[in-house]
Amino acid sequence: MKSAVENLNPTRVRLTVEVPFEELKPSLDAAYKKINQQVTVPGFRKGKIPARIIDQRFGRGAVLEEAVNDALPKFYTDAVNEGELNPLGQPEVDITELKDNELLAFTAEVDIRPTIEIPDYSGIEVTVDSVEVSDEDIDKSVEQLRDRFATTSPVERAAAEGDIVVIDLEAKVDGEVLEDGVAEGVTYTIGSGELLDGIDEAVTGLEAGGTATFTSELKGGSAQGKEAEVSVKVNEVKARELPELDDDFAQLASEFDTLEELRADSRKRLEQSKKYDQATQAQEKVLDALLELVEVPIPEKLLEDEIQTRKHNLEHHQLGQMGLNLDSYLEIQGKTAEEFDAELKEQAEKGIRTQFVLDELVNKEKLSVGQEELTEHLMRRAQSSGMSPDQFAQQVVEGGQVPMLVGEVARGKALAVVVEAAKVVDDKGETVDLDDEDETAETVEAAAEGTVTAEAGDEAAEATETAEVTEAAAEAAPEQEKAQDKAEG
């Protein structure tokens, strides 16, 4: 077999392949055998029809077509390997010549990963927020905890902001009560904004047994987006009572004996949270700075597919779960369809550029993924998806998505390498040493994985146990390049 590669542009090539006819013989034999099992010829037992009879009865062309269709994938793969290409997606194949007993020639156009040069990134400098925990931050944290331990008790007075009311609702559109527009015994906190617009004004000032009517745009249901006349009846008014902020509260709400110890723990937790936010901010800014240094051509077809995938996931998964469609989402966001499309394209481009650059860094820095690293990443992904580790692992294995996770971890490690090489200062001019402690370094790597996962899209597939995933990882990790390609595709 002979093959040649023509570069059509930085991200697309045309392969020209010529195959001597003798190399088609295994596929020809398989074609005759397949046809033998599918047809019946009087005078011959099934499966024992001679090749010349099949040619006479069904035509040599049908056999050649079957043989070529069977052989093309192998010849294409051999040409890709010979050209040392990294194809993206499926090729467009055109058979240019087929001479019986002489020659098969075809061309295949396919998108490829562009060649990327990673420049010296050690000079990257970024500024992040400083880690500061004020007394006000601690007060807010303790107050949120206090709010969780609030008690309620019925009161015989008019409802006011902050009170909890038990209400019945009935919605009418054009004078007709909606089938799904009646709800009884709904518990609502006045001022929370969790129900219809206008509900707060309607129930404020009402005592138990009081009623009111107001107009509001329905946020969901059969008449979503329509103006409705809503009747509300207050069945009960409850006041919230907060516990006293003292040592007794500390013992009730935590493992600490004193309020001072509880506040000290709140400070520690807030500092840890802000350090994580600082690390996340650092890796986001470093990634943006790195992408500015690198020229990354993007295959048009890949970009189109990525945009459509993101749009489909938004419309049919994320918005659907919230009871919204794209039009209502754009209205809430205050965006036009053109602005949305432009933002979606920008996000898709950044996602593709991020993967290409970090994959190249994985190769350049010779990074690999170990079993323990993959397991830790799987645990984080399971937590963010709301599944147990075993459930998430089962979905991943059955869906064949272990290589995807391997790619995510590898890219996270690559970004962490760049972050650690960069100069990071806070908004006070103080150097932020992200290499200072092992815990900080792990935080940076976890944050980097999070960004890479978000850029790639959250595609958990379906599948056995955590042990099976880590076992699969042990096999997948040495084949890093294949793992990245599968994650991309």
Side-chain angles (χ1 to χ4, degrees), residues 129 131-169 183-208 219-220 232 234-281 318 321-323 332 379-389 391-392 439 443 446-447 450:
D129 296 334
V131 173
E132 286 185 321
V133 177
S134 65
D135 289 341
E136 289 77 12
D137 292 331
I138 297 172
D139 290 343
K140 183 178 179 181
S141 175
V142 173
E143 197 61 35
Q144 288 173 343
L145 181 62
R146 184 187 180 202
D147 194 61
R148 286 166 52 191
F149 284 85
T151 58
T152 61
S153 57
V155 292
E156 295 182 3
R157 60 165 174 78
E161 184 169 352
D163 285 344
I164 296 172
V165 289
V166 180
I167 56 178
D168 296 337
L169 294 166
E184 297 180 349
V186 177
T187 300
Y188 176 66
T189 300
I190 300 176
S192 66
E194 294 174 352
L195 278 178
L196 298 168
D197 293 338
I199 186 72
D200 292 332
E201 294 80 0
V203 298
T204 298
L206 294 182
E207 297 184 18
K219 296 180 179 179
V232 56
V234 176
N235 298 317
E236 190 175 10
V237 179
K238 299 179 181 180
R240 300 177 74 254
E241 296 178 7
L242 296 172
E244 291 293 327
L245 277 178
D246 52 23
D247 292 346
D248 289 339
F249 168 69
Q251 294 167 23
L252 170 69
S254 70
E255 70 271 28
F256 302 107
D257 293 327
T258 67
L259 184 60
E260 184 179 348
E261 289 174 330
L262 174 61
R263 289 179 64 86
D265 182 68
S266 294
R267 180 180 293 277
K268 181 180 178 182
R269 291 176 183 275
L270 287 170
E271 285 177 348
Q272 290 175 335
S273 175
K274 291 201 173 191
K275 282 183 180 179
Y276 185 88
D277 291 342
Q278 187 184 63
T280 302
Q281 189 181 29
Q318 300 167 28
Q321 291 175 357
M322 295 186 290
I332 292 171
M379 300 286 277
R380 285 192 287 267
R381 287 290 303 273
Q383 186 176 19
S384 65
S385 70
M387 298 183 189
S388 71
Q391 287 176 320
F392 187 80
E439 184 178 341
T443 298

Check: How would you list, by chain and number, every residue that makes a side chain to side chain contact (heavy atoms under 4.5 Å, CB included) with D129, sequence neighbours excluded?
Finding: Q281, D427
Note to self: Filter on side chain to side chain donor-acceptor pair (under 3.5 Å), then keep only pairs touching residues 157-168, sequence neighbours left out; what's left?
What the structure shows: R157-D163, D168-N235
Check: How would you list, by chain and number, every residue that makes a salt bridge (Lys or Arg N to Asp or Glu O under 4.0 Å) with E132, sequence neighbours excluded?
Finding: K428
Item checked: Results of side chain to side chain donor-acceptor pair (under 3.5 Å) for T152 - residues two or more places apart only -> none
Checklist line | Expected output: side-chain T280 to main-chain Y276 donor-acceptor under 3.5 Å | finding: yes
Note to self: Rounded at 0.5 Å granularity, tell me how far CD in E184 sits from CG in L169.
What the structure shows: 10.0 Å
Notebook entry, point to check: What residues, two or more places apart in sequence or in another chain, satisfy side chain to side chain contact (heavy atoms under 4.5 Å, CB included) together with L245?
Noted result: V142, E143, R146, F249, L259
Item checked: Partner set under side chain to side chain donor-acceptor pair (under 3.5 Å) for K140, not counting sequence neighbours -> none
Next item on the list: Using the test salt bridge (Lys or Arg N to Asp or Glu O under 4.0 Å), find all partners of D277 that sit at least two apart in sequence or belong to another chain.
Entry: none
Check: Distance from L262 atom CG to S141 atom OG, nearest 0.5 Å?
Finding: 8.0 Å
Check: Are side-chain heavy atoms of V232 and V165 found at a separation under 4.5 Å?
Finding: no
Item checked: side chain to side chain contact (heavy atoms under 4.5 Å, CB included) partners for A150, two or more places apart -> R240, L242
Margin query: Under a 3.5 Å distance rule, please check whether S384 uses its side chain to pair with a backbone N or O of R381 as donor and acceptor.
Written below: yes
Item checked: Any residue meeting side chain to side chain donor-acceptor pair (under 3.5 Å) with E156, in chain and number order, not counting sequence neighbours -> none
Next item on the list: Could you tell me the separation between the OG atom of S388 and the CE atom of M379, rounded to the nearest 0.5 Å?
Entry: 9.5 Å
Check: Going by heavy atoms in the side chains, are R263 and D139 under 4.5 Å from each other?
Finding: yes
Next item on the list: With sequence neighbours excluded, tell me which residues meet side chain to side chain contact (heavy atoms under 4.5 Å, CB included) with S192.
Entry: Y188, T189, E194
Check: Under 3.5 Å, is there a donor-acceptor pair between the side chain of S254 and the main chain of Q251?
Finding: no
Item checked: Over 12 foreign heavy atoms within 6.0 Å of CD, E271 -> yes
Notebook entry, point to check: Who passes salt bridge (Lys or Arg N to Asp or Glu O under 4.0 Å) against K274, sequence neighbours left out?
Noted result: D137
Item checked: Sequence neighbours excluded, every pair satisfying salt bridge (Lys or Arg N to Asp or Glu O under 4.0 Å) that has a member inside residues 243-262 -> none
Notebook entry, point to check: If you measure from NZ on K275 to CG on L270, what distance do you get to the nearest 0.5 Å?
Noted result: 12.5 Å
